[in-house]
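To keep things clear, I will list the structure first and then write my remarks on it.
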Amino acid sequence: MSAVATTSFITFPRRLPGAARSAFALMALAAFAALTPLGAGSARAASVPSLTVLMGDDSAAHSEFVQQLRANQEPGGRFDVVRLSPGGEAPQNTGTTVAAAAEAERDRDRINAGVRTRGLRTTADAGLTVAVGLAASRAAVERPGQETLLLAMLSRLDYETLKAASPALRRGDRRVAVLLRDPAMSDQLALIGAVLPQKHRIGVVATPESEPLVRELQRAAQGASPAWDVRVEYAPDARSLAAALRNVVPQSDALMVLPDLIGDNQAATLSVLRAGAGAGLPVFGASEGLVRSGGLAAAVSTPSQLAQQARLLGQKVANAGNAGNNNQPLVEAATPATVRINATVARGLGLRLPEERELTDRLAAPR
């Protein structure tokens, strides 16, 4: 692996999860289309009787995630939505409950005070606070109390930022789980391997801030059988992107767009897609929007599907007790719920690919 010199200067905009008002978010919004939900039995098995959802914004992806959580709440269970004020303080209760109106009125003052901080009573009846997005996760982690936390709809880079800035994330008296919104790099490589079984060279252009993603990719590549040869070039600013692509393309069988500052910028993503098309290389990523714009394939999980996974993870961490507590959160990547393929791109590259359902089943098989 080689890399060009890097600096800390970045011109790409910061990641804004599900920001439907931006041009790239409009392109990527297709990745958030709801697919068929899991059976009611699966959702009910993962239910908790008391669920508080902390929201920092009303982005399309976050709203869809919360709507699915509410839809799957078992009858009689509490469901409260608490919204942060613009400054991140004094949350306002705008949520609903699945309990009686009298109970909601009795608890209104407690809800308005913020995330509930009562101690856990027993594993069976413990409540769960779900923080949606980076701002809400930061607020939840910094608040006092011992209630179990589930931090959801975070990118890997969001989580790394939170981990570096919030020592409270590693408190030993509170159970914390983190659900990342992107699939693990091992799943991304498994998809590429299923589509290109005879190829083993992956090219990536990253930013200096993407280093946690690059390390995860390199670990997954070395752990695969056979191992992948990953070529990484760094683009510290927008002007460096073209030079980085010129270096990485000749040494690659396929290109991967990481869910980072390049993957979240329309112009940068299109530059990678054009470079791949010009060299006859397929481009993979973690967004259905990428596939619709000219990428070959992506493993994706929608906000609705992430809500299903969040319930299972929340139940897991709530039932974990203090066994094996090493002050580290339980972190899960998104389980790829479906594979998307651009058939037009596949034909242009002369590839005959399995159906999307078959590829989805292949990714799910090891689980």
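Residue numbers run from 1 in the order of the sequence given.
- Glu147 has no carboxylate O lying under 4.0 Å from a charged side-chain N of Arg174, or vice versa, which leaves the two without a salt bridge.
- Closest heavy-atom contact between Pro259 and Met185: CD-CE, 4.2 Å.
- Residues Arg138 and Glu142 are not paired through a salt bridge, judged by the lack of any N-O separation under 4.0 Å between the basic side chain and the carboxylate.
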For this session: Applying side-chain contact (heavy atoms from CB on, under 4.5 Å), run through Leu351 and Leu296 and close with a yes or a no.
Result: CA-CA 10 Å; Leu351 297 174; Leu296 177 61; 3.8 Å; yes
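- Not a single donor-acceptor pair under 3.5 Å links the side chain of Asp361 to the backbone N or O of Glu358.
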Exercise. So Arg70 and Val81, side-chain contact (heavy atoms from CB on, under 4.5 Å) or not? Walk me through it.
Worked result: CA-CA 10 Å; Arg70 179 186 287 115; Val81 177; 3.5 Å; yes
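- To the nearest 0.5 angstrom, Glu216 atom CD is 9.0 Å from Gln188 atom CD.
- Taken to the nearest 0.5 Å, the CG atom of Leu261 stands 7.0 Å off from the CG atom of Leu157.
- Across every non-hydrogen atom of Gly133 and Ser137, the tightest pair is O-OG, 2.7 Å.
- Side-chain contact of Thr269 with Gln266: a donor-acceptor pair under 3.5 Å is absent, judged by distance alone.
- In this structure, Ser287 contributes its side chain and Gly289 its backbone to a donor-acceptor pair below 3.5 Å.
- Between Pro212 and Tyr159 the shortest side-chain heavy-atom distance does not fall below 4.5 Å.
- Remark: the backbone N or O of Leu128 is not paired with any side-chain donor or acceptor of Thr148 at under 3.5 angstrom.
- Salt-bridge check for Glu160 with Lys163: passed, with a basic side-chain N closer than 4.0 Å to an acidic carboxylate O.
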Exercise. side-chain contact (heavy atoms from CB on, under 4.5 Å) between Ile192 and Met256: does it pass, once the steps are laid out?
Worked result: CA-CA 9 Å; Ile192 300 175; Met256 177 187 289; 3.6 Å; yes
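- Between Ile262 and Leu258, every side-chain heavy-atom pair lies at or beyond the 4.5 Å cut-off.
- For the residue pair Arg311 and Gln68, no side-chain donor N or O sits within less than 3.5 Å of a side-chain acceptor on the partner.
- Remark: Lys316 engages Glu332 in a salt bridge, criterion side-chain N to carboxylate O under 4.0 Å.
- Gln251 places a side-chain N or O within 3.5 Å of a backbone atom of Asn247 that can act as its donor or acceptor partner.
- Remark: Asp80 engages Arg78 in a salt bridge, criterion side-chain N to carboxylate O under 4.0 Å.
- For the pair Leu169/Val176, a side-chain contact is recorded, criterion being any heavy-atom separation below 4.5 Å from C-beta on.
- Taking 4.5 Å as the limit, every side-chain heavy atom of Asp260 sits out of range of all side-chain heavy atoms of Glu209.
- Gln315 contributes atom CD, which lies 11.5 Å from atom CG of Leu150 (distance to the nearest 0.5 angstrom).
- A salt bridge does not link Arg83 to Asp57: none of the charged nitrogens lies less than 4.0 Å from a carboxylate oxygen.
- Using modelled atom types, no side-chain atom of Arg340 and backbone atom of Glu288 make a donor-acceptor pair closer than 3.5 Å.
- Residues Leu290 and Leu273 meet the side-chain proximity criterion, which asks for heavy atoms closer than 4.5 Å.
- Proximity of Val248 to Arg231: side-chain heavy atoms (C-beta onward) are separated by under 4.5 Å at one or more points.
- The shortest non-hydrogen separation linking Val249 to Ala279 is CG1-CB, 3.4 Å.
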For this session: Run the numbers on Leu154 and Leu179 for side-chain contact (heavy atoms from CB on, under 4.5 Å), then give the verdict.
Result: CA-CA 7 Å; Leu154 297 177; Leu179 177 58; over 6 Å; no
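- Of the inter-residue distances, the one linking Leu353 atom CG with Arg347 atom CZ reads 10.5 Å to the nearest 0.5 angstrom.
- The shortest side-chain heavy-atom distance between Pro226 and His200 falls under the 4.5 Å cut-off.
- A donor-acceptor pair shorter than 3.5 Å can be found between the side chains of Asp237 and Ser240.
- Distance alone, capped at 3.5 Å, places no donor-acceptor pair between the Ser252 side chain and the Leu255 backbone.
- Put simply, the side chain of Pro329 does not reach to within 4.5 Å of the side chain of Leu151, judged on heavy atoms.
- Val339 and Ile202 end up in the same hydrophobic cluster when Ile, Leu, Val, Met, Phe, Trp and Tyr side chains are linked at under 4.5 Å.
- In this structure, Ala334 and Asp187 approach most closely via the heavy-atom pair O-OD2, 4.4 Å.
- Distance alone, capped at 3.5 Å, is enough to place a donor-acceptor pair between the Gln309 side chain and the Ala333 backbone.
- Remark: side-chain polar atoms of Ser210 are not paired, donor with acceptor, to backbone N or O of Leu213 under 3.5 angstrom.
- Taking CD of Gln305 as the reference point, atom CZ of Phe65 lies at 12.0 Å (rounded to 0.5 Å).
- Hydrophobic clustering of Ile, Leu, Val, Met, Phe, Trp and Tyr side chains at less than 4.5 Å, counting indirect connections, keeps Val291 apart from Phe284.
- The two atoms that bring Leu245 and Pro250 nearest to each other are O-CD, 4.4 Å, heavy atoms only.
- Cluster membership check: Leu149 shares its hydrophobic cluster with Val178, using side-chain heavy-atom separations under 4.5 Å among Ile, Leu, Val, Met, Phe, Trp and Tyr.
- For the residue pair Glu211 and Tyr234, the shortest heavy atom distance occurs at OE1-OH, 2.6 Å.
- Summarising the geometry, atom CD belonging to Glu64 is positioned 11.0 Å from atom CG belonging to Leu69; distances are rounded to the nearest 0.5 Å.
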